[in-house]
Amino acid sequence: MADPRGFLKVTNRETAKRRPVEVRIMDWKEVYEKRDQGTLKQQASRCMDCGVPFCHQGCPLGNLIPEWNDLTWRGDGKGAIERLHATNNFPEFTGRLCPAPCESSCVLGINQPAVTIKEVEVSIIDQAFENDWVQPHAPERLTGKTVAVVGSGPAGLAAAQQLTRAGHTVAVYERDDKIGGLLRYGIPDFKMEKYHIDRRIAQMEAEGTRFRAGVNIGVDITWEDLRARFDAVVVTTGATKPRDLAVAGRELSGVHFAMDYLVQANRAVAGETVENQIIADGKNVIILGGGDTGADCLGTA
Ligand code: SF4
């Protein structure tokens, strides 16, 4: 813990600024501006390096939060990304998309606003990419074993990267035309621009992971064939079945599932031609559900 009194000196929580609305509506780029390093260090200094860091329990990945808060406070970006990557393959995804249960678990939150853990996380990885600190880690030797990963969302990509680095020969299968799963076609660019996915895929390809987009396992290749071709198969498919509502009027035109709307919008933003695209222009829109998906629909509409 670099500054034992940091949380007493900096009591306010300062997060990245949003780009002005009049600028944001002109494009689909991310909402938040780049984080200023000075403010970030100050915010990281608020971490108390708790004896029992409840942020660890809150984080599904078990991220070593107090360690990289401390390294960020000290200005050791290289050390911070090394500790962050120790538990998290893709902090640029989680730092933008995760609802941050670590912050709800932060002990400082008892009598002050919680540490801005998510912002520190995303700033560490952004700085690492800017400085070319994120390099491929190809395995030193191959095991001779082959693994198929079915599904190229964050779970599939993380599994593929770990297995490749362990020396296995890994192929990732994706039924869509591009790799990324929900990251590619579910999450709007204003939350996470797609270049974040592309540069990770480039890193993974350089490590030896192979990608096969546009292959629907169970249709183009049977599961039996896949199992016969590979020593192991990892299933990391998403759940694409929406939960319908049995309410009067559900069958009326103009009532859509979020994932139909968002996938089309993501394809359009990527420059693809989308036939019969669901467009909200000039319409009054009601969104049922106020979670992340609802917020994505709201921002897109
Ligand atoms: S719970 Fe909060 S204050 Fe404690 S170590 Fe984690 S981030 Fe730091």
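Side chains are part of it too, since the values below use all heavy atoms of this structure and drop only hydrogens, waters and symmetry mates. Counting convention: from 1, in listed order, for ligands and their atoms alike.
- Near Cys55, with a cut-off below 4.0 Å to any heavy atom, the atoms of ligand 1 are 1 (S), 5 (S), 6 (Fe), 7 (S).
- Listed by atom number, the atoms of ligand 1 under 4.0 Å from Pro66 heavy atoms are 5 (S).
- With Phe90 as the aromatic partner, Arg199 does not meet the cation-pi criteria of under 6.0 angstrom to the ring centre and within 45 degrees of the ring axis.
- At the top of the distance list for atom 5 (S) of ligand 1, counting protein heavy atoms only, stands Cys50 N, 3.4 Å.
- Within the 4.5 Å cutoff, no side-chain heavy atoms of Arg184 are placed close to those of Asp177.
- If you check which protein heavy atom lies closest to atom 3 (S) of ligand 1, you get Met48 N, 3.4 Å.
- Against a heavy-atom cut-off of under 4.0 Å, Val107 is close to the following atoms of ligand 1: 1 (S), 2 (Fe).
- The aromatic rings of Trp28 and Phe190 lie parallel to each other, their planes meeting at an angle below 30°, with 60° marking the opposite boundary.
- For atom 8 (Fe) of ligand 1, the nearest protein heavy atom (residue, atom name, distance) is Cys47 SG, 2.4 Å.
- Here Cys106 meets the criterion, with an N, O or S atom under 2.8 Å of atom 2 (Fe) of ligand 1.
- At a cut-off of 3.5 Å, with distance as the only test, no side-chain donor of Lys78 or Asn131 sits close to an acceptor on the other residue.
- Applying the 4.0 Å criterion to heavy atoms of Ile117 picks out, from ligand 1, the atoms 7 (S).
- The side chain to side chain contact (heavy atoms under 4.5 Å, CB included) with Leu262 is formed by just one residue from the set Ile187, Thr300, Leu182, Ile278; it is Thr300.
- Between Val115 and Phe7 the shortest side-chain heavy-atom distance does not fall below 4.5 Å.
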